[in-house]
Number of protein chains: 2
Amino acid sequence: MADEQKMDREGLERVARVFQAFSDATRLAILQELKSGPCGVGTLVERVGGSQGNISKQLQVLAETGFIRREKKGNQVFYSIDDPRVFEMCNVVCSKLTSEAQEKAGFVFEI
Amino acid sequence: MADEQKMDREGLERVARVFQAFSDATRLAILQELKSGPCGVGTLVERVGGSQGNISKQLQVLAETGFIRREKKGNQVFYSIDDPRVFEMCNVVCSKLTSEAQEKAGFVFEI
DNA sequence: GCTGTATATTCGTATATTAGAATATACTGA
DNA sequence: TCAGTATATTCTAATATACGAATATACAGC
């Protein structure tokens with residue numbers, strides 16, 4: 001099915017770089033906002049919090065993954081989700097965390 | 001469909017922590033080895049390279065995500081994939097990188 | 001208990017990351 | 001061109017990370 005060949009170090013580093021982009025709460029908060037639709041930088045600064053400069057930087061990190069799109073419109077720059085599979089990944093992690101929490105709380109009977 | 005409620009900062013930080021675990025080439029190399037089946041630490045040191053101490057540390061980081069299982073058997077410790085969805089996530093990233101590379105090379109005609 | 005093997009932990013160092021403040025650039029409209 | 005608004009970049013400090021070397025712990029067999 002999937003490619004069973006092993007990836008070389010450079011390939012692994014590129015993949016790692018993408019996960020890295022999603023490994024920060026501020027950037028995930030931005031993603032969460034973009035889920036509702038495209039958004040300008042100023043609006044994201046308001047909604048996510050933090051300095052304008054920092055939000056702008058984090059947006060660039062996200063855009064470099066290829067999952068987020070950058071689009072200039074006149075004076076403003078709008079960011080949006082370019083590939084919704086980014087949320088599939090988040091959902092996998094979330095559901096894992098949820099089931100872990102349930103196990104910890106003893107809500108699950110494993111056979 | 002998915003939970004549309006916004007996650008608080010603490011939740012986002014927990015998710016970020018999991019992505020963080022996958023954001024390192026050495027740890028991805030370990031995952032790649034585990035794909036073929038459970039593996040002891042010593043074998044992973046041989047196959048992945050680097051010091052034994054470092055591999056052991058990285059294994060712990062992976063195990064903390066809940067996607068990788070740790071199992072003691074006598075003198076040895078075996079690690080294995082506990083939730084194969086970790087590879088789904090990797091595949092999403094890989095396919096994105098592949099399509100990006102193709103676009104860069106001009107192999108894709110967008111309508 | 002002692003020895004050897006397997007794994008984990010600690011320590012120190014080089015490097016990377018995050019964030020705010022200040023500054024620079026880009027664009028719009030008068 | 002000038003002023004104002006929106007975004008990006010640079011600089012700096014605090015913190016986090018990855019790694020090897022050395023050391024500690026766990027366990028099996030004698």
Side-chain angles (χ1 to χ4, degrees), chain A residues 8-34 37-65 68-80 82, chain B residues 8-34 37-65 68-80 82:
Chain A
D8 63 5
R9 192 79 187 180
E10 196 194 317
L12 293 173
E13 251 148 36
R14 250 182 270 175
V15 175
R17 200 95 203 126
V18 175
F19 281 121
Q20 164 85 0
F22 302 137
S23 74
D24 175 78
T26 300
R27 289 192 290 266
L28 292 179
I30 291 174
L31 279 184
Q32 204 170 217
E33 292 301 332
L34 292 182
C39 209
V41 178
T43 312
L44 286 168
V45 172
E46 282 173 25
R47 294 195 189 157
V48 173
S51 71
Q52 181 273 324
N54 191 38
I55 297 297
S56 176
K57 257 178 299 185
Q58 307 312 332
L59 280 165
Q60 213 174 312
V61 173
L62 287 172
E64 276 165 6
T65 63
I68 273 73
R69 175 203 301 267
R70 198 191 107 107
E71 208 168 351
K72 260 187 128 156
K73 272 192 183 166
N75 210 8
Q76 287 176 274
V77 177
F78 288 90
Y79 286 86
S80 58
D82 194 41
Chain B
D8 63 5
R9 193 80 187 178
E10 196 194 317
L12 292 173
E13 252 148 34
R14 250 181 269 174
V15 176
R17 200 98 202 123
V18 175
F19 281 120
Q20 165 83 3
F22 302 137
S23 73
D24 176 77
T26 300
R27 288 192 290 267
L28 292 179
I30 291 174
L31 280 184
Q32 204 170 218
E33 292 301 331
L34 293 182
C39 209
V41 179
T43 312
L44 286 168
V45 172
E46 281 173 26
R47 294 194 189 160
V48 173
S51 71
Q52 180 273 322
N54 191 39
I55 297 297
S56 176
K57 257 178 297 183
Q58 306 312 333
L59 280 165
Q60 213 175 311
V61 173
L62 286 172
E64 276 166 5
T65 63
I68 274 72
R69 176 204 302 266
R70 198 190 105 108
E71 208 169 350
K72 261 189 127 153
K73 273 192 184 167
N75 211 10
Q76 288 176 274
V77 177
F78 287 89
Y79 286 86
S80 58
D82 194 41

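Note on naming: letters A, B, ... go to the chains in the order of the sequence lines (proteins, then strands), and numbering restarts at 1 for each one.
For Thr26(A) and dT18(C), the shortest distance from a side-chain N or O to OP1 or OP2 is not below 4.0 Å. At least one side-chain nitrogen or oxygen of Asn54(B) sits closer than 4.0 Å to the OP1 or OP2 atom of dC19(D). Close to dA18(D), at under 4.0 Å from its OP1 or OP2, lies a side-chain N or O of Arg27(B). Not one side-chain nitrogen or oxygen of Ser56(A) sits closer than 4.0 Å to the OP1 or OP2 atom of dA6(D). Phosphate proximity of dT9(C) to Gln60(B): present, with a side-chain N or O under 4.0 Å from OP1 or OP2. For dA26(D), the OP1/OP2 oxygens have no side-chain nitrogen or oxygen of Lys72(B) closer than 4.0 Å.
Taking only side-chain atoms of Arg17(B), from C-beta outward, the nucleotide of dA8(D), dG20(C), dT17(D) with the closest atom is dT17(D). Of the candidate nucleotides dA19(C), dA8(D), dA8(C), dA8(C) has the atom lying nearest to any side-chain atom of Tyr79(B). Distance from the side chain of Asn75(A) is smallest for dT28(C) among the nucleotides dC19(D), dT28(C), dT9(D). Relative to the side chain of Gln76(B), the nucleotides dA19(C), dA6(C), dA8(C) differ in distance, and dA6(C) lies closest. Side-chain atoms of Gln52(B) lie closest to dA8(C) of the nucleotides dA8(C), dT7(D), dC19(D).
Of all heavy-atom pairs spanning Gly49(A) and Ile55(A), the tightest one is O-CD1, 3.4 Å. The two atoms that bring Ala25(B) and Ala16(A) nearest to each other are N-CB, 3.8 Å, heavy atoms only.
Rounded to an integer number of Å, the gap from Leu62(A) CG to dA8(D) P is 12 Å. Remark: C1' of dT7(C) and CD of Glu46(B) are 14 Å apart, rounded to the nearest angstrom. For the pair Leu28(A) CG and dT18(C) P, the computed distance is 11 Å after rounding to whole Å. Nucleotide dT9(C) holds its P atom 12 Å from the CG atom of Leu59(B), rounded to whole Å. Atom CD1 of Ile55(B) and atom P of dT17(D) are 18 Å apart (whole Å). To the nearest angstrom, P of dT17(D) lies 11 Å from CD of Glu64(B). Rounded to a whole Å, the CD atom of Gln58(A) is 13 Å from the P atom of dT9(D). Rounded to whole angstrom, the span from the CZ atom of Phe78(B) across to the P atom of dA8(C) amounts to 12 Å.
A salt bridge links Arg9(B) with Glu13(B); the closest basic N to acidic carboxylate O contact falls under 4.0 Å.
Residue Gly42(B) is classed as a sugar-phosphate contact, given heavy-atom separations below 4.0 Å to backbone atoms only. Residue Lys57(A) is in base contact, counting any heavy-atom pair closer than 4.0 Å across all strands shown.
Comparing Gly74(A) and Gln20(A) by the nucleotide of DNA chain C that holds the closest heavy atom to each, the one mapping nearer the 5' end is Gln20(A).
Here the CG-CG distance, from Asp82(B) to Leu62(B), works out to 12.5 Å after rounding to the nearest 0.5 Å.
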field: Phe22(B) vs Thr65(B), side-chain contact (heavy atoms from CB on, under 4.5 Å): CA-CA, chis, key distance, verdict
entry: CA-CA 9 Å; Phe22(B) 302 137; Thr65(B) 63; 4.2 Å; yes
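Remark: Glu33(A) pairs with Leu44(A), Arg47(A), Val48(A), Lys6(B) by the side chain to side chain contact (heavy atoms under 4.5 Å, CB included) rule, at least two apart or across chains.
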